[in-house]
Chemist: 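Here it is, the structure, as C-alpha cells.
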Amino acid sequence: MSHLMNTYARLPVAFSHGDGSWITDSEGKIYLDALSGIAVSTLGHNHPVLVAALAAQAGRLLHTSNLYRMPQQELLADKLTALAGMEEVFLCNSGCEANEAAIKLARFYGHQQGIDTPAIIVMENAFHGRTMATLSATGNRKAQAGFEPLVSGFARVPYNDLGAIRAIAEHNKSVVAVMLEIVQGEGGIRIAESEFQQGLRKLCDENGWLLICDEVQCGMGRTGTWFGFQHAAIRPDVVTLAKGLGGGVPIGACLTAGKAAGLFKPGNHGSTFGGNQLATTAALTTIEVIENDQLIANAESVGCLIREGLAQELSGAAGVVQIRGQGLMIGIELDRPCGELVTRALESGLLINVTADKVVRLLPPLTFSTEEGRELVRRLSVLIRDFLAA
C-alpha cells in the first residue's frame, strides 16, 4: 500500500470473494458480514441476479455520458419517484454528490425567492459527506478540523429539537431549507422522532422552506420501509440516496418534489459518470430483487429479532446504555469507547463497525436470514460481555 494515500485506518485483512452474508479473506477465513460495506451491499455478496444483470450490461455498454438519453435512467427515475412519492431525479455517483446537489438546489431556490445569502439549517452530529459543502453541513468537528475556512451558510441545531429550529426561524430570514438525516448513521444510529419529522414538515411549509431528507445510509429498505421518512408519513421536498441503491455499484440520487421540482435546468448541474448504463442497471436490479424477495419485510423482521436477541443476551450487563434502531440499522451504545471491539469481532469471524466512539453499528445486508441473525446475536453478545467485563 506504499503508493496509496494514507486516508484510511484499514484493518489487517483483505477479502477475495463472498456469498450472501458470508465473505472470505485472502487466507481462506470466512466471516459473517454484519456491515455490508457500510450499508452498501444490499443483496449481500455475489447475488446471482445482480451478477447476471451486470455481466450482461457490461457486455453491451458501460457508459456514454449524459450528452445522450439513457433508457435505464428513465426507468430508474420512474421507479424511484413511484416508490418515494417524489417527482424528479438527478443521478450521480455517491452520497456526498447527492447531498451537494441538494445543497445547490436549496441555494438556487433561495435566490429565486430573492434571498442573497441563503442559509440551510443542519443538525448536530450529522454526517453529510466530505466534500467542502457537505463537510461544512456535517456536525462533526473532528472531520472538519484542518479544512477551514468552511463553506458558510449553515445554521446548526440539536437533533430532534423543533424549538431550536423555531428560534432560528424567528431571527434568521435567510433560511431556505432544513437538512435532516432520518437516522444519523455516523452519529450513532440516532433516529429522528416521528413527531419531530411531522413538526418539521409543518414548519417548513409555514416558512416556505425546503425539507431535505438525507437517506444516503438509511434509505432503500434498510429501516423496514423503502425510505425512513415513510415511518412518519411525510413527504420531503428533497431526498438524497446512495449506498444501498446500487447493491455495491457506485450510484447516488437526488429526488425532488413540490416546490423543489423543476428548478434545475440544463447547465445548472451535471455529472459525467452519473447514472451511466452499468450503475442504473445495478440500481434497477437491486430494486427488483428487493421487491421480488420481499426484503423490506425481511429487514423489519430480522432486525427486530436481532434487537430483541441482543436485549435478552445483554440483559443486566453493566455498561450497555441502549440498544436501538430500525430494521437492519442497529446500534448498541456502551458507556465507554469500544473501538477495539471491531478487531475482536474480526478475530472471531464477524464484521461490525463502531461509530461515535461508543456505538456498535450493525448494517447487515437485507438478505440476512433469521439463522444469520441468531448467529450474529450469539457471537456479538459474547464479545460485548467479555469486553465490558475486562
Chemist: List the atom of Lys259, the atom of Asp205, and the distance in Å for their closest heavy-atom pair.
Modeler: NZ-OD1, 4.0 Å
Chemist: Assess the residue pair Asp214 and His128 against the criterion (side-chain hydrogen bond (donor to acceptor under 3.5 Å, both in side chains)); give the C-alpha distance rounded to whole Å, side-chain angles, the decisive distance to 0.1 Å, and a yes or no.
Modeler: CA-CA 8 Å; Asp214 177 344; His128 297 295; 2.8 Å; yes
Chemist: Looking at residues at least two apart in the chain, or sitting in another chain, which of them share a side-chain contact (heavy atoms from CB on, under 4.5 Å) with Ala232?
Modeler: Ser194, Gln197, Gln198, Ile234
Chemist: Answer whether the closest heavy-atom distance between the side chains of Pro118 and His111 falls below 4.5 Å.
Modeler: yes
Chemist: Looking at Leu328 and Pro364, what are the two nearest heavy atoms and their distance?
Modeler: O-CD, 3.6 Å
Chemist: Is the shortest distance from a Lys or Arg side-chain nitrogen in Arg379 or Glu375 to a carboxylate oxygen in the other one below 4.0 Å?
Modeler: yes
Chemist: If you measure from NE2 on His47 to OG on Ser41, what distance do you get to the nearest 0.5 Å?
Modeler: 12.0 Å
Chemist: Of the non-hydrogen atoms in Leu376 and Ala34, which two are nearest, and what is the gap between them?
Modeler: CD1-CB, 3.9 Å
Chemist: Would you indicate whether Gln294, at its atom CD, is surrounded by more than 12 heavy atoms from other residues, nucleotides or ligands within a distance under 6.0 Å?
Modeler: no
Chemist: Which value, rounded to the nearest 0.5 Å, describes the distance between Trp209 atom CH2 and Ile120 atom CD1?
Modeler: 12.0 Å
Chemist: What I want to check is whether the side chains of Thr240 and Asn99 have a donor and an acceptor closer together than 3.5 Å.
Modeler: yes
Chemist: Should Leu62 and Asn276 count as side-chain neighbours, where that means a heavy-atom distance under 4.5 Å?
Modeler: no
Chemist: For Glu313, does its backbone N or O pair with a side-chain atom of Arg385 as donor and acceptor, under 3.5 Å?
Modeler: yes
Chemist: With a 3.5 Å distance limit and no angle check, can you tell me whether Ser271 reaches the backbone of Gly274 through a side-chain donor-acceptor pair?
Modeler: yes
Chemist: Just wondering, are more than 12 heavy atoms of other shown residues or ligands nearer than 6.0 Å to NZ in Lys142?
Modeler: no
Chemist: Indicate whether any N or O donor in one side chain lies under 3.5 Å from an N or O acceptor in the other, for Thr223 and His231.
Modeler: yes
Chemist: Linking I/L/V/M/F/W/Y whenever their side-chain heavy atoms sit closer than 4.5 Å, directly or via other members, would Ile251 and Val216 fall into one cluster?
Modeler: no
Chemist: Is any side-chain heavy atom of Leu295 closer than 4.5 Å to a side-chain heavy atom of Val289?
Modeler: yes
Chemist: Quick test of your reading: applying salt bridge (Lys or Arg N to Asp or Glu O under 4.0 Å), list the pairs with at least one residue in residues 84-100, sequence neighbours left out, ordered by first then second residue.
Modeler: Glu87-Arg235
Chemist: Tell me whether Arg166 is salt-bridged to Glu206, with the criterion being a basic N under 4.0 Å from an acidic carboxylate O.
Modeler: no
Chemist: How many angstroms lie between atom CD1 of Ile212 and atom CD1 of Ile103, to the nearest 0.5 angstrom?
Modeler: 7.0 Å
Chemist: If you apply the rule side-chain contact (heavy atoms from CB on, under 4.5 Å), what do you find for Ser16 with Asp25, and how did you get there?
Modeler: CA-CA 5 Å; Ser16 61; Asp25 70 16; over 6 Å; no
Chemist: Is it true that Leu362 and Leu11 fall in one hydrophobic cluster, defined by side-chain heavy atoms closer than 4.5 Å?
Modeler: yes
Chemist: Please check this pair: side chain of Glu372 against backbone of Ser369, looking for a donor-acceptor N/O pair closer than 3.5 Å.
Modeler: yes
Chemist: Restricting to non-hydrogen atoms, name the atom on Ala106 and the atom on Leu210 that form the minimum distance, rounded to 0.1 Å.
Modeler: CA-CD1, 3.9 Å
Chemist: If you look at every heavy atom in Pro365 and Ser21, which pair is closest and at what distance?
Modeler: CG-OG, 3.6 Å
Chemist: Check whether any side-chain heavy atom of Phe147 lies under 4.5 Å from a side-chain heavy atom of Arg130, and answer yes or no.
Modeler: no
Chemist: Counting N and O atoms only, with roles assigned by atom type, does the side chain of Gln144 sit under 3.5 Å from a partner on the main chain of Thr138, one being a donor and the other an acceptor?
Modeler: yes
Chemist: Just by distance, with hydrogens left out, do Asn46 and His17 show a side-chain donor and acceptor under 3.5 Å apart?
Modeler: no
Chemist: If you count every heavy atom of other residues, nucleotides or ligands that lies below 6.0 Å from Phe273 atom CZ, does the total exceed 12?
Modeler: no
Chemist: Do Val239 and Phe264 sit in one hydrophobic cluster, given that two such residues count as connected whenever their side-chain heavy atoms are within less than 4.5 Å of each other, even indirectly?
Modeler: no
Chemist: Does any donor atom in the side chain of Gln73 or Gln277 lie under 3.5 Å from an acceptor atom in the other side chain?
Modeler: no
Chemist: On a heavy-atom basis, which atom in Val302 and which in Gly373 lie closest, and how many Å separate them?
Modeler: CG1-CA, 4.4 Å
Chemist: Ring-plane angle category for Phe15 and Tyr31, please: parallel below 30°, perpendicular beyond 60°, tilted otherwise.
Modeler: perpendicular
Chemist: Any side-chain to backbone donor/acceptor pair from Lys358 onto Val354? Under 3.5 Å, distance only.
Modeler: no
Chemist: Linking I/L/V/M/F/W/Y whenever any side-chain heavy atoms sit under 4.5 Å apart, do Ile182 and Ile189 land together?
Modeler: yes
Chemist: Any chain of hydrophobic side-chain contacts (each under 4.5 Å) joining Phe229 to Leu180?
Modeler: yes
Chemist: Any side-chain heavy atom of Leu105 sitting closer than 4.5 Å to one from Val238?
Modeler: yes
Chemist: Out of curiosity, Gln184 CD to Tyr159 OH, how far, rounded to the nearest 0.5 Å?
Modeler: 4.5 Å
Chemist: To the closest 0.5 Å, what do you measure between CD1 (Ile121) and CZ (Arg156)?
Modeler: 11.5 Å
Chemist: Whether the side chain of Tyr109 engages the backbone of Val176 through a donor-acceptor N/O pair (distance < 3.5 Å, no angle test) should be reported.
Modeler: no
Chemist: Among Asn353, Asp386, Ile384, Leu350, find the one that has a side chain to side chain contact (heavy atoms under 4.5 Å, CB included) with Leu341.
Modeler: Ile384
Chemist: Can Arg361 and Glu186 be counted as an ion pair, charged N to O under 4.0 angstrom?
Modeler: yes
Chemist: If only atom types and distance count, is the side chain of Thr285 paired as donor or acceptor with the main-chain N or O of Ala282 below 3.5 Å?
Modeler: no
Chemist: Kindly indicate whether the side chain of Met123, heavy atoms from C-beta on, has any atom under 4.5 Å from the side chain of Glu181.
Modeler: no
Chemist: What do the steps show when you test Leu366 against Asn298 for side-chain contact (heavy atoms from CB on, under 4.5 Å), and what is the final call?
Modeler: CA-CA 7 Å; Leu366 303 196; Asn298 186 70; 5.6 Å; no
Chemist: Decide salt bridge (Lys or Arg N to Asp or Glu O under 4.0 Å) for Glu291 and Lys79; before the verdict, give the C-alpha distance in whole Å, the side-chain angles of both, and the deciding distance to 0.1 Å.
Modeler: CA-CA 12 Å; Glu291 289 183 320; Lys79 192 66 181 178; 2.9 Å; yes
Chemist: Any luck finding a side-chain donor-acceptor pair between Thr272 and Asn66 under 3.5 Å?
Modeler: no
Chemist: To the closest 0.5 Å, what do you measure between CD (Gln113) and OG (Ser174)?
Modeler: 12.5 Å
Chemist: Is the shortest side-chain N to carboxylate O distance from Asp237 to Arg201 below 4.0 Å?
Modeler: yes
Chemist: Quick one, Val13 and Leu346 - any side-chain contact, counting heavy atoms below 4.5 Å?
Modeler: yes
Chemist: Kindly check if the number of other-residue, nucleotide or ligand heavy atoms within 6.0 Å of CZ (Arg336) is above 12?
Modeler: yes
Chemist: Could you check whether atom NZ of Lys29 has more than 12 heavy atoms from other residues, nucleotides or ligands sitting under 6.0 Å from it?
Modeler: yes
Chemist: Counting distance only, does the side-chain N/O of Asp19 pair as donor-acceptor with the main-chain N or O of Trp22 below 3.5 Å?
Modeler: no
Chemist: Answer yes or no: is there a side-chain heavy-atom contact under 4.5 Å between Leu380 and Ile332?
Modeler: yes
Chemist: Checking the side chain of Lys243 only, and the main-chain atoms of Gly248 only, is there a donor and an acceptor separated by less than 3.5 Å?
Modeler: no
Chemist: Would a distance-only check, ignoring hydrogens and angles, find a side-chain to backbone donor-acceptor pair under 3.5 Å from Glu148 to Gly146?
Modeler: yes
